[in-house]
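Contents: one structure, followed by commentary.
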2 protein chains.
Amino acid sequence: MLLKISFESPTPIYQQIRDQIILAMAKEALLPGENLPTVRQLAKDIGVNPMTINKAYNLLKDEGYLVIDRRQGARIQDAGLLKNEKTEYLIEALELILSEAKLKGVTKEELSKVILRIYGKRRD
Amino acid sequence: MLLKISFESPTPIYQQIRDQIILAMAKEALLPGENLPTVRQLAKDIGVNPMTINKAYNLLKDEGYLVIDRRQGARIQDAGLLKNEKTEYLIEALELILSEAKLKGVTKEELSKVILRIYGKRRD
DNA sequence: TGCTTGTATTATACTATATAATACAGACTA
DNA sequence: TAGTCTGTATTATATAGTATAATACAAGCA
């Protein structure tokens with residue numbers, strides 16, 4: 001698990017952890033069914049309190065990205081079980097980002113590049 | 001100025017104000033050169049402290065969206081002066097949102113709809 | 001001068017974030 | 001059964017962000 005945490009950032013540490021796990025899942029650096037480091041191990045690696053990791057894992061669990069098993073620890077959710085969840089809040093967040101991008105002159109072409117980078121070439 | 005503020009939201013009020021002004025700018029409900037309500041007026045309308053409005057306006061000023069003039073109050077920045085600003089942080093935020101969208105099964109077609117809604121039909 | 005503008009100041013209150021040290025419940029394994 | 005690994009709960013503490021309140025000030029303008 002390679003996580004780059006900025007302790008100077010205004011973004012809370014547990015949020016940074018949560019975001020980077022989602023990014024890793026999208027780029028398939030973390031695969032469904034795969035185990036994450038234990039709370040204590042990741043806390044040690046990053047140099048933060050175990051409860052901060054616990055908070056990040058629980059956030060991801062509540063959002064449906066992780067399954068937490070007392071025997072094995074945290075595990076990436078199966079792909080099928082993640083789909084068809086509520087996405088309205090994502091659309092709203094997207095509208096805000098796109099509004100800023102439009103106002104700052106980001107072109108449609110640049111947007112397409114980012115979409116291609118995340119989504120790949122599939123045609124749905 | 002129609003602003004819908006949620007006092008129960010975990011998003012700070014000044015952030016909500018900032019976000020909605022950007023959304024209004026993107027949909028051209030607020031036009032370059034247009035004046036915003038005064039700090040005191042908007043505070044009265046929404047029912048918050050004037051310093052909360054001040055914080056939102058200053059955030060927008062620092063981001064380049066507003067010009068604050070002691071004579072006339074806050075004014076929407078000219079379109080030309082907003083372009084060519086740094087947009088790396090927007091791309092990063094976009095990557096995160098798109099990662100979540102991908103994992104939750106949002107299709108490319110749905111993304112296109114949102115882009116069309118914000119950007120319109122221009123072809124850049 | 002008197003009115004408006006944004007801004008600064010000080011104090012207070014509440015909440016979120018993060019840490020620390022400990023302890024506990026459940027499940028595996030030797 | 002005892003030991004050891006999971007995640008989790010608890011309590012206390014510290015710091016920072018958010019928001020309010022009341023007041024005051026500087027700048028610009030009629």
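The figures that follow rest on heavy atoms only: side chains count, while hydrogens, waters and symmetry mates do not. Each chain gets a letter, A, B and so on, in the order the sequences are listed, and its residues count up from 1. This is a predicted model, so every value here is computed, not measured.
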Listing time: all N or O pairs from protein to nucleotides 23-27 of chain C that are below 3.5 Å?
unit_1	atom_1	unit_2	atom_2	d
C:dA25	N3	A:Arg70	NH1	3.4

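- Counting atom types as modelled, B:Asn49 pairs a side-chain N or O with a base atom of D:dA21 as donor and acceptor under 3.5 Å.
- Atom CG of B:Asn35 is separated from atom C1' of C:dG6 by 13 Å (rounded to the nearest Å).
- Residue B:Asn54 places at least one side-chain N or O under 4.0 Å from the OP1 or OP2 atom of C:dT7.
- A cation-pi arrangement is absent between A:Lys108 and B:Tyr119, since the terminal nitrogen or guanidinium carbon is not both under 6.0 Å from the aromatic centre and inside a 45° cone about the axis.
- To the nearest angstrom, P of D:dG7 lies 16 Å from CG of A:Leu59.
- Each of B:Val39 and A:Val48 was assigned the nucleotide of DNA chain C with the nearest heavy atom; the assignment lying further toward the 5' end belongs to B:Val39.
- Between C:dA18 and A:Thr52, no contact under 4.0 Å exists linking OP1 or OP2 to a side-chain N or O.
- No hydrogens or angles considered: nothing links the side chains of B:Asp62 and B:Asn58 as a donor-acceptor pair under 3.5 Å.
- The distance between atom CD1 of B:Ile53 and atom C1' of D:dT20, rounded to the nearest whole Å, is 13 Å.
- The side chain of B:Asn58 contributes an N or O atom lying less than 4.0 Å from OP1 or OP2 of C:dT7.
- For the pair A:Tyr14 and C:dA18, the criterion of a side-chain N or O lying under 4.0 Å from OP1 or OP2 is not met.
- A distance of 11.0 Å separates CD1 in B:Ile17 from CG in B:Leu36, rounded to the nearest 0.5 Å.
- Note: CZ (B:Phe7) to P (D:dT18) measures 16 Å, nearest angstrom.
- Straight-line distance from the CD atom of A:Glu8 to the P atom of C:dT17: 18 Å, rounded to whole Å.
- We find that A:Glu63 and B:Lys104 are not joined by a salt bridge, their nearest charged nitrogen and carboxylate oxygen being 4.0 Å or further apart.
- Atom-to-atom, CD of A:Gln72 to P of D:dT8 comes out at 14 Å; the value is rounded to the nearest Å.
- For A:Met51, taking side-chain heavy atoms from C-beta onward, the closest of the listed nucleotides D:dT6, D:dT8, C:dT17 is D:dT8.
- Atom C1' of nucleotide C:dT7 and atom CD1 of B:Ile68 are separated by 10 Å, given to the nearest angstrom.
- As rounded to whole Å, 11 Å separates atom P of D:dG7 from atom CG of A:Leu66.
- In summary, the side chains of A:Glu110 and A:Thr107 do present a donor paired with an acceptor at a separation below 3.5 Å, with no hydrogens or angles considered.
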Using side chain to side chain contact (heavy atoms under 4.5 Å, CB included), reason through A:Gln77 and A:Leu66 one step at a time and then give a plain yes or no. CA-CA 5 Å; A:Gln77 177 66 279; A:Leu66 295 188; 6.0 Å; no
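- In this structure, A:Glu100 and A:Leu103 have side chains that are not in contact, with every pair of non-hydrogen atoms separated by 4.5 Å or more.
- Closest contact between the side chain of A:Lys55 and the listed nucleotides D:dT6, C:dA18, C:dT17 involves C:dT17.
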